[in-house]
Chemist: 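Right, I'll just put the structure down here and ask away after.
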Amino acid sequence: MTAPELPPLRDVIARHGLSASKALGQNFLFDAQLLARIARIPGDLTDAEVLEVGPGPGGLTRALLAQGARVTAIERDRRCIPALAELEAAYPGKLRVIEGDATEINAQALFEGAPNIVSNLPYNVGTALLIGWLSAEWLPWWKSLTLMFQREVAERIVAPVGGDAYGRLAVLAQWRSTAKIAMPVHRSAFTPPPKVMSAVVHITPTDAPEGVALPVLERVTAAAFGQRRKMLRQSLRGVPGALEALEAEGIEATRRAETVSVAEFVAVAKRLS
């Protein structure tokens with residue numbers, strides 16, 4: 001299928017009187033080359049199902065459609081729906097737009113197969129959506145996650161043990177998936193420019209370690225990182241059996257949470273599961 005001739009995105013936005021909503025955490029991307037690079041991160045999308053959350057006026061949507069994807073886009077900003085409807089008409093049968101709040105929609109039920117999730121996420125709901133996707137039944141209903149975050153959040157997701165950015169989010173993202181920063185995105189690429197830099201994170205699921213219950217791992221990491229400056233013997237004191245599990249795994253109770261690797265947290269959680 002030959003990509004249809006589309007008017008410049010800036011013209012579409014001007015014609016529909018659109019502006020980025022601060023309340024919805026929106027920042028629009030216009031750079032077609034940059035958007036094409038993001039759309040290529042998951043790999044070949046020819047006839048692949050893709051979920052996009054918060055498409056806005058459809059900049060990234062255009063890039064995904066041009067890659068041959070079949071896109072389901074969830075948008076809660078009613079102002080953007082007419083612009084997306086034009087894209088729907090330009091790509092018959094390739095774009096499905098659902099008006100609503102992605103935090104309240106059962107996205108899994110929208111797909112027969114496992115979609116790639118590709119989104120320039122609204123800043124105010126990005127982390128909550130990510131945690132929901134990472135907490136899914138495993139192997140999850142999605143194939144990969146390619147998500148734009150503030151760079152600080154992106155660094156927390158991919159952080160190695162021992163650094164200031166290492167915490168609960170790193171453990172949740174890394175204990176049964178691979179997370180990497182696929183590309184940085186300068187604040188000047190957005191309209192309006194946010195105060196902070198951004199980065200695109202790419203996450204692919206791996207096999208989950210056997211015998212580990214996610215709620216137990218979450219409880220252990222919440223306690224450990226909730227008081228990250230304290231030694232484990234203090235921070236984990238309220239988790240029944242945790243100190244005994246540390247001893248059984250040969251993990252010194254005088255250590256602090258940021259020195260405990262993902263594998264060590266998993267080992268402790270396995271003993272408690």
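Nothing fancy with the numbering, it's 1 onward along the sequence. Since we're looking at a predicted model, the values are computed, not measured. Reckoned from all heavy atoms, side chains included, excluding hydrogens, waters and symmetry mates.
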Chemist: Just do the side-chain hydrogen bond (donor to acceptor under 3.5 Å, both in side chains) check on R96 and T72 with the steps written out, would you?
Modeler: CA-CA 5 Å; R96 170 175 54 164; T72 296; 2.8 Å; yes
Chemist: Donor-acceptor pairs under 3.5 angstrom involving side-chain atoms of residues 101-111: please list them, not counting sequence neighbours.
Modeler:
residue : atom : partner : partner atom : Å
D101    : OD1  : T103    : N            : 2.9
D101    : OD1  : T103    : OG1          : 2.6
D101    : OD2  : T103    : OG1          : 3.2
N106    : OD1  : Q108    : N            : 3.4

Chemist: Of all heavy-atom pairs between P57 and A83, which one has the smallest distance, and what is that distance?
Modeler: O-CB, 4.1 Å
Chemist: Identify, with sequence neighbours excluded, every residue that meets ring-ring contact (aromatic ring centres under 6.0 Å, His included) alongside F149.
Modeler: none
Chemist: Pairs under 3.5 angstrom only: tabulate donor-acceptor contacts from the side chains of residues 244-257 to other protein residues two or more places apart or in another chain.
Modeler:
residue : atom : partner : partner atom : Å
E249    : OE2  : R271    : NE           : 2.5
E249    : OE2  : R271    : NH2          : 3.3
R255    : NE   : T259    : OG1          : 3.2
R255    : NH1  : E264    : OE2          : 3.2
R255    : NH2  : T259    : O            : 2.6
R255    : NH2  : E264    : OE1          : 2.8
R256    : NE   : R229    : O            : 2.7

Chemist: Heavy-atom distance under 4.5 Å between the side chains of E52 and V118, does that happen here?
Modeler: no
Chemist: Do the ring centers of F225 and Y166 come within less than 6.0 Å of each other?
Modeler: yes
Chemist: Salt-bridge test for E99 and R78: reply yes if a basic N is under 4.0 Å from a carboxylate O, no otherwise.
Modeler: yes
Chemist: I'd like to check H16 versus D11 (side-chain heavy atoms, cut-off strictly below 4.5 Å). Are they in contact?
Modeler: no
Chemist: Could you pull out the closest heavy-atom pair between G59 and L9, with the gap in Å?
Modeler: CA-CD2, 3.5 Å
Chemist: Could you please spell out the steps behind the side chain to side chain contact (heavy atoms under 4.5 Å, CB included) verdict for V212 and W175?
Modeler: CA-CA 10 Å; V212 181; W175 79 283; 3.8 Å; yes
Chemist: What's the shortest heavy-atom distance between A179 and I157, and which atoms?
Modeler: CB-CG2, 4.1 Å
Chemist: Is it true that D207 and R176 make a salt bridge, defined as a side-chain N closer than 4.0 Å to a carboxylate O?
Modeler: no
Chemist: So that I can tick it off, tell me whether D164 and R228 are bridged by a salt bridge, with the cut-off set at under 4.0 angstrom between side-chain N and carboxylate O.
Modeler: no
